[in-house]
Amino acid sequence: MRSSARIAGVGMTRFAKPGASREYHEMAAEAGRSALADAGLDYADVQQAYVGYVYGDSTCGQRAVYGLGLTGIPVVNVNNNCSTGSTALWLARQAVESGAADCVMALGFEKMAPGALATVFADRESPLLRHEAVLEALQGDSAAPLAARMFGGAGREYRQRHGVADTTFGRIAVKARAHAANNPFALFAQPLTLDEVMASAPVYDPLTRYQCCPPTCGAACAIVCSDAFARRRGIAGAVAIAAQAMTSDCADSFGDSMIGMVGHGMSRRAAQQVYEAAGIGPRDLDVVELHDCFTANELISYDALGLCAPGEAERFVLDGDNTYGGAVVTNPSGGLLSKGHPLGATGLAQCAELVWQLRGQAQRRQVAGARIALQHNIGLGGACVVTLYRRD
């Protein structure tokens with residue numbers, strides 16, 4: 001009989017700028033200790049660990065958890081680009097649901113270098129070569145950072161298809177900072193006006209500097225357990241993983257669409273699988289943490305996740321349906337744009353925010369009466385993880 005999985009505890013560090021953080025294993029141990037304390041457990045209770053990071057050597061995961069204890073448990077290192085943290089969670093959830101373990105740790109961390117993401121291994125073919133071929137065919141060459149060209153190009157395509165104003169992308173950054181002002185974990189919590197966003201340095205049309213997430217260092221963790229374990233240990237406030245799906249690229253990623261190339265199809269298919277498995281729809285959601293690496297990706301993700309009708313993302317923004325008082329509060333944490341994006345930790349930081357929201361522990365950014373939450377985390381190359389949480 002399949003066991004249902006619950007989030008027993010979460011923890012994260014405050015994210016930091018590159019060059020201003022502690023060592024990766026110190027940040028990871030802090031996040032792990034916080035999650036264990038939140039669950040009321042000891043590291044000795046953990047039977048398996050899935051540890052995610054992108055920039056690091058092969059067994060950094062072991063070094064990270066050795067700061068919590070030397071118990072000899074299986075430690076699996078995970079790398080799935082920007083969706084690494086959620087992939088670790090996906091694996092932990094599978095281990096619990098299969099009955100292989102009762103209590104599992106999903107841990108993610110990153111210690112990043114300043115500046116835009118760049119290729120590390122220049123002596124071999126890039127895993128994004130097919131994606132880059134689509135970019136070159138549709139957008140041509142540019143000196144702008146690769147990720148900005150990809151997601152900015154998707155924003156251009158959406159603008160061309162649906163007549164979206166450039167300021168609509170900027171309004172998403174304004175919303176992100178307004179939400180982040182209430183988040184003590186956010187790296188950039190200073191509010192911005194629309195004029196300030198639009199006047200910041202251009203990166204790649206339609207994106208300006210304040211519409212691009214910064215490279216960041218940090219760690220986050222979730223403790224996943226079975227229903228039976230939670231009951232046996234008297235864990236209160238455990239949040240159910242009601243459904244979860246992970247997808248990779250299909251042919252629509254490599255066609256004639258920048259929107260398709262950056263993973264719109266992966267996101268749509270993962271969301272549909274989750275809605276069908278849980279027996280609910282996007283109108284039932286109270287709060288969403290989605291992958292806003294750039295404002296353009298947040299905009300197109302509204303469509304992909306079904307938060308608005310196809311082509312209606314601009315109206316969704318202008319009507320305030322993406323914030324408090326609207327249809328569904330998106331990125332109450334401030335998102336990647338404000339909180340930062342330490343690749344291996346991002347998905348688990350999203351998980352932490354949504355668990356706090358469903359428990360009513362999000363303080364000034366609390367979404368009133370939140371019971372159902374959706375998490376969306378995408379990595380080019382590609383992998384998308386969508387997770388639905390429910391407060392029973």
Side-chain angles (χ1 to χ4, degrees), residues 1-12 35 38-40 85-99 102-104 106 220-247 267 269-291 301 304-307 322 324 326-333 347-362 365-377 384-392:
M1 179 177 178
R2 196 181 86 162
S3 174
S4 61
R6 294 181 169 271
I7 306 296
V10 292
M12 64 177 287
D38 187 43
S86 290
T87 302
L89 180 66
W90 187 82
L91 290 165
R93 187 266 311 164
Q94 280 201 323
V96 168
E97 286 191 349
S98 71
D102 283 325
C103 182
V104 180
C221 183
I223 307 299
V224 185
C225 72
S226 65
D227 267 336
F229 183 91
R231 288 195 300 270
R232 190 163 65 246
R233 299 301 296 267
I235 297 172
V239 170
I241 300 178
Q244 189 178 47
M246 179 159 59
T247 54
S267 298
R269 287 186 289 273
Q272 288 173 343
Q273 291 175 31
V274 161
Y275 294 144
E276 289 171 8
I280 70 162
R283 292 183 181 274
D284 298 308
L285 302 175
D286 299 306
V287 57
V288 172
E289 284 279 313
L290 61 79
H291 197 90
S301 294
L305 301 176
L307 305 185
N322 61 352
Y324 297 85
V328 57
V329 181
T330 59
N331 293 335
S333 68
L348 290 161
Q350 291 177 317
C351 170
E353 174 67 23
L354 293 177
V355 167
W356 290 328
Q357 289 285 347
L358 295 184
R359 288 179 181 168
Q361 296 173 336
R365 64 189 186 282
Q366 180 65 49
V367 176
R371 295 188 62 86
I372 299 176
L374 190 79
Q375 178 192 350
H376 164 253
N377 190 201
C384 178
V385 183
V386 173
T387 309
L388 186 78
Y389 304 92
R390 183 159 45 208
R391 175 170 61 88
D392 292 338

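If you read the sequence from its start, that first residue is 1, and numbering goes on from there.
- Using a 4.0 Å cut-off between charged nitrogen and carboxylate oxygen, Arg232 and Asp102 count as a salt-bridge pair.
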Are Cys351 and Thr387 close enough, and set up right, to give a side-chain contact (heavy atoms from CB on, under 4.5 Å), and what steps lead you there? CA-CA 9 Å; Cys351 170; Thr387 309; over 6 Å; no
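- Although no hydrogens or angles enter the test, the distance criterion places a donor-acceptor pair under 3.5 Å between the side chain of Gln366 and the main chain of Gln357.
- A donor and an acceptor atom, one from each side chain of Glu276 and Gln272, are nowhere located under 3.5 Å apart.
- Distance alone, capped at 3.5 Å, places no donor-acceptor pair between the Asn322 side chain and the Thr330 backbone.
- The minimum heavy-atom distance linking Gly85 with Leu348 is given by the pair O-CG, 3.6 Å.
- Side-chain atoms of Thr247 and Gln273, non-hydrogen and from C-beta on, do get closer than 4.5 Å to each other.
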Start with the C-alpha gap between Leu290 and Asn331, add the side-chain angles, then the distance that decides, and say whether side-chain contact (heavy atoms from CB on, under 4.5 Å) holds. CA-CA 6 Å; Leu290 61 79; Asn331 293 335; 3.9 Å; yes
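- Between Leu354 and Ala373, the shortest heavy-atom contact is CD2-CB, 3.8 Å.
- If you take CD on Gln244 and CD on Gln94, they are separated by 8.0 Å, rounding to the nearest 0.5 Å.
- Atom CZ of residue Arg233 and atom OG of residue Ser226 lie 11.0 Å apart, to the nearest 0.5 angstrom.
- In the model, Ser267 has a side-chain atom that pairs as donor or acceptor with a side-chain atom of His376 under 3.5 Å.
- Shown are Ile223, Ile235, Val10; of these, the side-chain contact (heavy atoms from CB on, under 4.5 Å) with Asp38 is made only by Val10.
- Defined by atom type and a distance below 3.5 Å, a donor-acceptor pair is present between the side-chain atoms of Glu289 and Ser333.
- Note that the CZ atom of Arg390 and the CG atom of Asp286 stand 12.0 Å from one another [nearest 0.5 Å].
- Within the 4.5 Å cutoff, the side chain of Ile372 has no heavy atoms near those of the Arg391 side chain.
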Criterion side-chain contact (heavy atoms from CB on, under 4.5 Å) on Ile7 and Val224, from CA distance to verdict: CA-CA 5 Å; Ile7 306 296; Val224 185; 3.9 Å; yes
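- Nearest heavy-atom pair, Gly11 versus Ala35, reported as atom, atom and distance to 0.1 Å: N-CB, 3.7 Å.
- One distance of note links OG1 of Thr87 with CE of Met246; it measures 4.5 Å at 0.5 Å rounding.
- Closest of all the heavy-atom pairs between Pro282 and Tyr275 is CB-OH, 3.6 Å.
- What you find for Ala245 and Val274 is that their closest heavy atoms are N-CG2, 3.6 Å.
- Closest heavy-atom contact between Val287 and Ala370: CG1-CB, 4.3 Å.
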Verdict with supporting geometry, Glu353 and Arg365, side-chain contact (heavy atoms from CB on, under 4.5 Å): CA-CA 10 Å; Glu353 174 67 23; Arg365 64 189 186 282; 3.0 Å; yes
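- Here the straight-line distance linking atom CG of Asp284 with atom CG of Leu374 works out to 11.5 Å at 0.5 Å rounding.
- By the side chain to side chain contact (heavy atoms under 4.5 Å, CB included) test, Ala240 pairs with Arg6, Asp392, sequence neighbours left out.
- Taking the side chain as every heavy atom from C-beta outward, Val367 and Val328 never approach each other to under 4.5 Å.
- A donor-acceptor contact closer than 3.5 angstrom links the side chains of Ser86 and Asn377.
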